[in-house]
Engineer: 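Take a look at the following structure, please.
Everything quoted here is computed from the prediction, not taken from an experiment. Quick note on labels: first sequence line is chain A, next is B, and so on, each numbered from 1.
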There are 2 protein chains.
Amino acid sequence: MIKVLIAEDQGMLLGALAAMLELEEDLSVVARASNGKEALKLAAEFNPDVVVTDIEMPAMTGLELAAALKDKNPATRVIIVTTFARPGYLRRALDAGVKGYLLKDAPAEQLANAIRKVHQGGKVIAPELATEAWDTEDPLNERERQVLRLAGDGLTSADIAKQLFLSEGTVRNYLSEAIGKLGAGNRIEAARIARQKGWL
Amino acid sequence: MIKVLIAEDQGMLLGALAAMLELEEDLSVVARASNGKEALKLAAEFNPDVVVTDIEMPAMTGLELAAALKDKNPATRVIIVTTFARPGYLRRALDAGVKGYLLKDAPAEQLANAIRKVHQGGKVIAPELATEAWDTEDPLNERERQVLRLAGDGLTSADIAKQLFLSEGTVRNYLSEAIGKLGAGNRIEAARIARQKGWL
DNA sequence: ATTTGTGGATGACGAATGTCACATGACGTC
DNA sequence: GACGTCATGTGACATTCGTCATCCACAAAT
C-alpha cells in the first residue's frame, strides 16, 4: 500500500484528486494539505511514500516543500503537479531532487501510474518538458529580477528606486539590461517574458 | 439520476472531478469536454441536466458556452467552477443565466451538493462573491479594452495603432482615458487592474 | 601595490508616453 | 436644417523611458 500525501491549495482539485486516488487499490491518501508548510508538518507525522504537490501555494511553495523534504524526509519521493510548463520551475524542481513533474493539462489517469513508477524509484517528467529547449538558463541577476517584478506591476522607475533604495538612473540601467537580455522591446514585454519562463 | 457534463481544459481536474462525481449514487457524468465548443456539441448529443464548466478554456470559454446553452439547451442548468473571483466574470455569468458559480478554492465536497441544488432549480453562488462590492461596473468601453489588452502585452502605441487601424494619437487618447477611469498611474498598472477585475 | 571585477551612480540624448484642448465627420433626433 | 453626441484625429507639451558612455568605491586577486 503506497502512502500518499497531497498538497494543493485549490480545494476542488485537492478533494477530487484524493477521491480519485482512493479508488486505486494499492494507493492510500494518508493526508491532505493546502500549502507547503502544512504538508511538511503532515509529512513528518505520516511519513508518506510519495508527496504529490502543486507549486504555487501560499505560505510555502511546492518547490520549497520539495527542498525541505529532501532534507527531512529523504525517503519520501516528490511529484510536482502544476499548471505551469516553465523551464525555470522544472529546473528548480529537479535541483530539489523531485522525481516527477506533471502538468495539470495531462489526463488524470496518468497520475496513479506516475505515483507507482516514482515509488519504485523511477522518474516521470511530462513529455512536453523532457524535450529540448527546456534548459534555457535564466539570464537575469537578482537585481534585474527585483526591478522587473516591480516594473511588471506598473511601478515607475522612481517608485522602484525608492523601494529598493537605488537611484532612479540605476533602476533604468537594470531595466535596460533586462530588456536587452530578454530580447524584449520594453519593460512590459520583458516582464511578460520572464514571468512566462518562470524566472520571476 | 442527474446527468452531468463536465467542461474543463485541465485534464487532471477534469478526470478527478469526473471520478469524484461518479462516486455519488444520484449523479452520472455522461460526457466530458476540454473546451466550450466540444461541450456544446456533446450537450446537444447527451442533453445533460447540469453542465459544470470552467471559464478560461481554448476555443470557447465557459461564459460563451453558458450563453450558447441558454439559447440551445434552455433546460440545461450551468454551474461555473473557476479559479477567478472576478466581479466581471460573475456578472457576465449571471447575465448568461448561470445558476451556480463556485471557486476552485472551495472544498470539493461542495460540488455534488451544488449540482443537486441547481438541478432542483436553486442557485449556488460562492459566498465570497455573493456579498456587496462585487457589483463594480466595468467603466471601460470596447476600444479602451482592446487597446489596454494589447498595451498589457507590451506593445507600443504605434504597434497598437497598426493592429487596430487607428492613429497613434487616438491610441494614446484611449489609453489615457482608461488610465484615468481605473485610477492607475500608467498603462501597465491599468492593464493589471482591469485584468484582475476580469474586465479584459 | 597595482590590477581587475562588481555594484551602483551620473548625465545626456532621443524616443515613447500621458494629458489636454480642440478639430472633423458621421449619425440621430427634434 | 440645427443640434447633440460619439468615434476618431491632430498638435503641443511635460514627463517618463531606454540607451550608452563614463565614473566611483570597494573588494578580491595577483
Engineer: What I want to check is whether the side chains of B:E189 and B:N186 have a donor and an acceptor closer together than 3.5 Å.
Structural biologist: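 Side-chain D/A pair, B:E189 to B:N186: absent.
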Engineer: Distances for protein N/O vs nucleotides 14-20 of chain C N/O pairs under 3.5 angstrom?
Structural biologist:
| residue | atom | partner | partner atom | Å |
| --- | --- | --- | --- | --- |
| C:dT17 | OP1 | B:R187 | NH1 | 3.3 |
| C:dT17 | OP2 | B:S157 | N | 3.0 |
| C:dT17 | OP2 | B:S157 | OG | 3.1 |
| C:dG18 | OP1 | B:R187 | N | 3.0 |
| C:dG18 | OP2 | B:R187 | NE | 2.5 |
| C:dG18 | OP2 | B:R187 | NH2 | 2.8 |
| C:dG18 | N7 | B:R172 | NE | 3.0 |
| C:dG18 | O6 | B:R172 | NH2 | 3.1 |
| C:dT19 | OP2 | B:S176 | OG | 3.0 |
| C:dC20 | N4 | B:N173 | OD1 | 2.9 |

Engineer: Counting C-beta onward and ignoring hydrogens, is there a side-chain heavy-atom pair between A:I80 and A:Y89 closer than 4.5 Å?
Structural biologist: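 A side-chain contact under 4.5 Å is absent here.
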Engineer: First contact, last contact: which nucleotides of DNA chain D are these for chain A, 5' to 3', heavy-atom distance under 4.0 Å?
Structural biologist: D:dC17 to D:dC20
Engineer: Please report the distance, rounded to the nearest Å, between CD1 in A:I160 and P in C:dG8.
Structural biologist: 15 Å
Engineer: For the pair A:E45 and A:K41, find out whether any cationic side-chain nitrogen is under 4.0 Å from an anionic carboxylate oxygen.
Structural biologist: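 Salt bridge flag = no for A:K41 with A:E45.
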Engineer: Pairing donors with acceptors under 3.5 angstrom, does anything connect the side chains of B:R187 and B:S157?
Structural biologist: yes
Engineer: Under a 4.0 Å threshold between the charged nitrogen and the carboxylate oxygen, would A:D138 count as salt-bridged to A:K197?
Structural biologist: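 Answer for the salt bridge query: no.
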Engineer: May I ask you to say whether B:R149 pairs ionically with B:E144, meaning some side-chain N is under 4.0 Å from a carboxylate O?
Structural biologist: no
Engineer: Is it true that A:R116 and A:E24 make a salt bridge, defined as a side-chain N closer than 4.0 Å to a carboxylate O?
Structural biologist: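 Salt bridge present between A:R116 and A:E24.
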Engineer: Hey, which of A:T53, A:L42, A:L17, A:L13 is the one that makes side-chain contact (heavy atoms from CB on, under 4.5 Å) with A:I6?
Structural biologist: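 Of all the options given, the one that passes is A:L17.
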